[in-house]
Amino acid sequence: MKLLRPSFLLLGMFVIGGIVFKLTSPNDCDFILNSDSIFVLTGDFRRVPFALRQVEKYPDADLYVIGAGPGAPYIGTERAIIESESKSTYQNALAIRDIVEKSGLDRIVVITTEDHIQRATFLIKSELPETQIVSCPVALHEMRPARRLERWMVEYVKFLVTMIGIREGPESSYK
C-alpha cells in the first residue's frame, strides 16, 4: 500500500490531467466565416504567418494582431489592425474584450499555437461570455518532440494556475 501515498496520487492526477489537457485541445480550425474577425495572439513566430494564410482564404475577414509590440514590422499586410500594448495572455484577453465591445462583434476567431489555445480561449471567454469564440490552433509539428512536450507541460501548468483564478504574474500590469 506504499504506492497509494498522497504524493503519488497527486502525481498521477497531474499526469492524467495533462493527458486530458492535450487530448481535448482543438487540433484544427473550427468553421471560419468570410465575415469573421480574426484575432491572432503574437508570441510565437508561427502564429502571424498562419493568420495571414487564413486571411487569404477569407478576404472579407478582419485581422487583428494582438500584443504585437511597437512597430510590428513583421506583419506584412496593410489589412491588419495592430494592438501593441498587451504583454501577456490575460492582457491579450482584455485588449480583445475592448475591441470586441467597441466594434459590437458577437463572433470572433482566435489564432494561437495548439499548446496555448485552451488557456487563451478560457481567458477570452471569461472576459466575453456572450461572444462566440472559434478556436484556430497553429500546429507545432516541426518542433522537436522534447521541446514540444516541454511547451505542453508549461502551458498545462499555466492553465491549471489560470483555472484557480490567477490570471497573470505580479510583474505584469494592464493599463
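When a residue number appears, it is its place in the shown sequence, counting from 1. Both backbone and side-chain heavy atoms feed into the values below; hydrogens, waters and symmetry mates do not.
Contact between Lys87 and Ser84 at its shortest, heavy atoms only, is NZ-O, 3.0 Å.
Using a 4.5 Å heavy-atom threshold, the side chains of Ser25 and Ile117 count as touching. Considering only heavy atoms from C-beta on, Phe14 stays 4.5 Å or farther from Leu10 through its side chain. At least one side-chain heavy atom of Ile32 sits less than 4.5 Å from a side-chain heavy atom of Cys136. Taking the side chain as every heavy atom from C-beta outward, Thr121 and Ser135 approach each other to under 4.5 Å. With a 4.5 Å cut-off on side-chain heavy atoms, Thr112 and Val138 do not count as touching. With a 4.5 Å cut-off on side-chain heavy atoms, Thr131 and Leu105 do not count as touching. Residues Ile96 and Ile66 meet the side-chain proximity criterion, which asks for heavy atoms closer than 4.5 Å. Annotation: side chain of Ile99 is in contact with side chain of Phe39 (closest heavy-atom distance under 4.5 Å).
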message: Evaluate Ile108 against Val134 for side chain to side chain contact (heavy atoms under 4.5 Å, CB included), listing each step before the verdict.
response: CA-CA 6 Å; Ile108 63 172; Val134 177; over 6 Å; no
message: What verdict does the side chain to side chain contact (heavy atoms under 4.5 Å, CB included) test give for Val65 and Leu41, after you've listed the backbone C-alpha separation in whole Å, the side-chain angles of each residue and the deciding distance to 0.1 Å?
response: CA-CA 6 Å; Val65 181; Leu41 308 183; over 6 Å; no
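Applying side chain to side chain contact (heavy atoms under 4.5 Å, CB included) to Arg167 and the options Thr89, Leu123, Leu94 leaves one that passes, Leu123.
Among residues two or more places apart in sequence or in another chain, the salt bridge (charged side-chain N to carboxylate O under 4.0 Å, His left out) test is passed with Arg151 by Asp44, Asp115. Under the salt bridge (charged side-chain N to carboxylate O under 4.0 Å, His left out) criterion, Glu150 pairs with Arg147, sequence neighbours left out. Scored by the side chain to side chain donor-acceptor pair (under 3.5 Å) test, Glu56 finds no partners at all (sequence neighbours excluded). In this view, Asp36 and Arg107 satisfy the side chain to side chain donor-acceptor pair (under 3.5 Å) rule, not counting sequence neighbours. In this structure Phe50 satisfies the ring-ring contact (aromatic ring centres under 6.0 Å, His included) test with no other residue, sequence neighbours excluded.
One finds the CG atom of Leu33 at 10.0 Å from the CD1 atom of Ile38 (value rounded to the nearest 0.5 Å). To the nearest 0.5 Å, atoms CD1 (Ile81) and OG (Ser103) are separated by 7.5 Å. In this structure, CZ in Arg97 is found 10.0 Å from NZ in Lys102, a value given to the nearest 0.5 Å. With values rounded to the nearest 0.5 angstrom, Ile111 atom CD1 is found 12.5 Å from Thr42 atom OG1. Atoms OG1 and CZ, from Thr162 and Arg119 in turn, are 5.0 Å apart once rounded to the nearest 0.5 Å. Atoms CZ and CD, from Phe122 and Gln118 in turn, are 11.0 Å apart once rounded to the nearest 0.5 Å.
Follow the hydrophobic side-chain contacts under 4.5 Å out from Ile19 and you reach Leu11 in the same cluster. Using a 4.5 Å cut-off between side-chain heavy atoms of Ile, Leu, Val, Met, Phe, Trp and Tyr, with links allowed through other members, Tyr156 and Met163 fall into the same hydrophobic cluster.
In terms of modelled atom types and a separation under 3.5 Å, the side chain of Glu83 and the main chain of Gly67 share a donor-acceptor contact. Of the possible donor and acceptor atoms, one in the side chain of Asn34 sits under 3.5 Å from a partner among the backbone N and O of Asp60.
For the residue pair Ser88 / Glu168, a side-chain donor-acceptor distance below 3.5 Å is found, with atom types taken as modelled. One side chain, Ser86 or Asn92, offers a donor N or O that lies under 3.5 Å from an acceptor on the other.
Between Arg46 and Glu142 there is a salt bridge, with a side-chain nitrogen of the basic residue lying less than 4.0 Å from a carboxylate oxygen of the acidic one.
Met153 CE: 12 or fewer foreign heavy atoms inside a 6.0 Å radius.
For residues 6-15, the set of pairs meeting the side-chain hydrogen bond (donor to acceptor under 3.5 Å, both in side chains) definition, not counting sequence neighbours, is empty.
Note on ring orientation: taking the six-membered ring where Trp is involved, the planes of Phe159 and Phe21 are tilted (angle from 30° to 60°).
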